[in-house]
Amino acid sequence: RQFCAGVLGGAVFATYPGYSFTVPALAGAVCLAADQRLRALVRFLLGAIAPLLLIEVLTAALGFSYFGTLGALSDSVTLGSFDESLVFIPRYLLQVDGVLGGVLLAAAAVFLVMLVLPGGRALLSPSVCRKFVPLFLPLCFCLALHAALGYFARHMVFYGRLLLPLYPFL
């Protein structure tokens, strides 16, 4: 399962590199859900590398490097405002999705607070913790990292297309 999750993560990244933060989030979820975390991480990484290496071999046969083209990607994603990176997610959810976005944002915030506060996890059922925490925490971390890189390092702006695949997990 870890290898297949890695293949999925690598394929998602290869399809649209803007979803790069989903790969470490998925890796974190796979590792947190496994008993032997190092072994799970190695299996995930081997799976994630497989589609990327396949694409690199195919593009090399065509005379260019897939990995070489990725180097210029973040420099080209500048349509938007780096200054909005830290507030983009809540603003987008509220402005684009309205009430439903507010409900999603509030539910995610309450869930995060319950996970962080002492005794908060006791209020959640064990099945909720087992099923959602391994995905939710790494995803929050990666989204926060992406926002911080956009704001402080001017690396890549946030825009709505990056959030849409995450809606089922909110």
Check against side-chain contact (heavy atoms from CB on, under 4.5 Å), Glu84 and Ile89: CA-CA 9 Å; Glu84 293 180 348; Ile89 294 172; over 6 Å; no

Intermediate values then yes/no, side-chain contact (heavy atoms from CB on, under 4.5 Å), Leu58 and Tyr66: CA-CA 9 Å; Leu58 292 173; Tyr66 171 71; over 6 Å; no

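Considering all non-hydrogen atoms of both residues, Ser65 and Glu56 come closest at OG-OE2, 2.9 Å. Residues Ala14 and Ile55 share a closest heavy-atom pair of CB-CD1, 3.3 Å. Minimum heavy-atom separation, Val87 to Pro90: O-CD, 3.4 Å. Of all the heavy atoms in Val157 and His146, the pair that sits closest is O-NE2, 3.8 Å.
Around CZ of Phe141, the count of heavy atoms belonging to other residues, nucleotides or ligands within 6.0 Å does not exceed 12. Counting heavy atoms of neighbouring residues, nucleotides and ligands inside a 6.0 Å radius, atom CZ of Phe13 exceeds 12 of them.
Distance check: Leu41 CG to Leu32 CG gives 11.0 Å after rounding to the nearest 0.5 Å. Here the CZ-CG distance, from Phe3 to Leu45, works out to 11.0 Å after rounding to the nearest 0.5 Å.
Under the 4.5 Å side-chain heavy-atom criterion for ILVMFWY residues, a single connected hydrophobic cluster contains both Leu112 and Val110. Under a hydrophobic clustering in which Ile, Leu, Val, Met, Phe, Trp and Tyr are joined whenever their side-chain heavy atoms come within less than 4.5 Å, directly or via other members, Tyr16 and Leu143 fall into the same cluster. Following chains of ILVMFWY side-chain contacts shorter than 4.5 Å, one can reach Leu46 starting from Val7, so the two form part of one hydrophobic cluster. Grouping the Ile, Leu, Val, Met, Phe, Trp and Tyr side chains by contacts below 4.5 angstrom, directly or via other members, places Val116 with Leu123. Criterion: ILVMFWY side-chain heavy atoms under 4.5 Å apart, direct or through other members. Under it, Phe88 and Leu94 are part of a common hydrophobic cluster.
Between Leu52 and Phe67 the shortest side-chain heavy-atom distance falls below 4.5 Å. No side-chain heavy atom of Leu105 sits under 4.5 Å from any side-chain heavy atom of Asp97. Proximity of Leu26 to Phe44: side-chain heavy atoms (C-beta onward) are separated by under 4.5 Å at one or more points.
Judged by distance alone, the side chain of Gln2 and the main-chain N or O of Val30 form no donor-acceptor pair under 3.5 Å.
The salt bridge (Lys or Arg N to Asp or Glu O under 4.0 Å) search around Arg1 returns none, not counting sequence neighbours.
By the 4.5 Å side-chain criterion applied to Ile, Leu, Val, Met, Phe, Trp and Tyr, Val103 is assigned to a cluster that also includes Val99.
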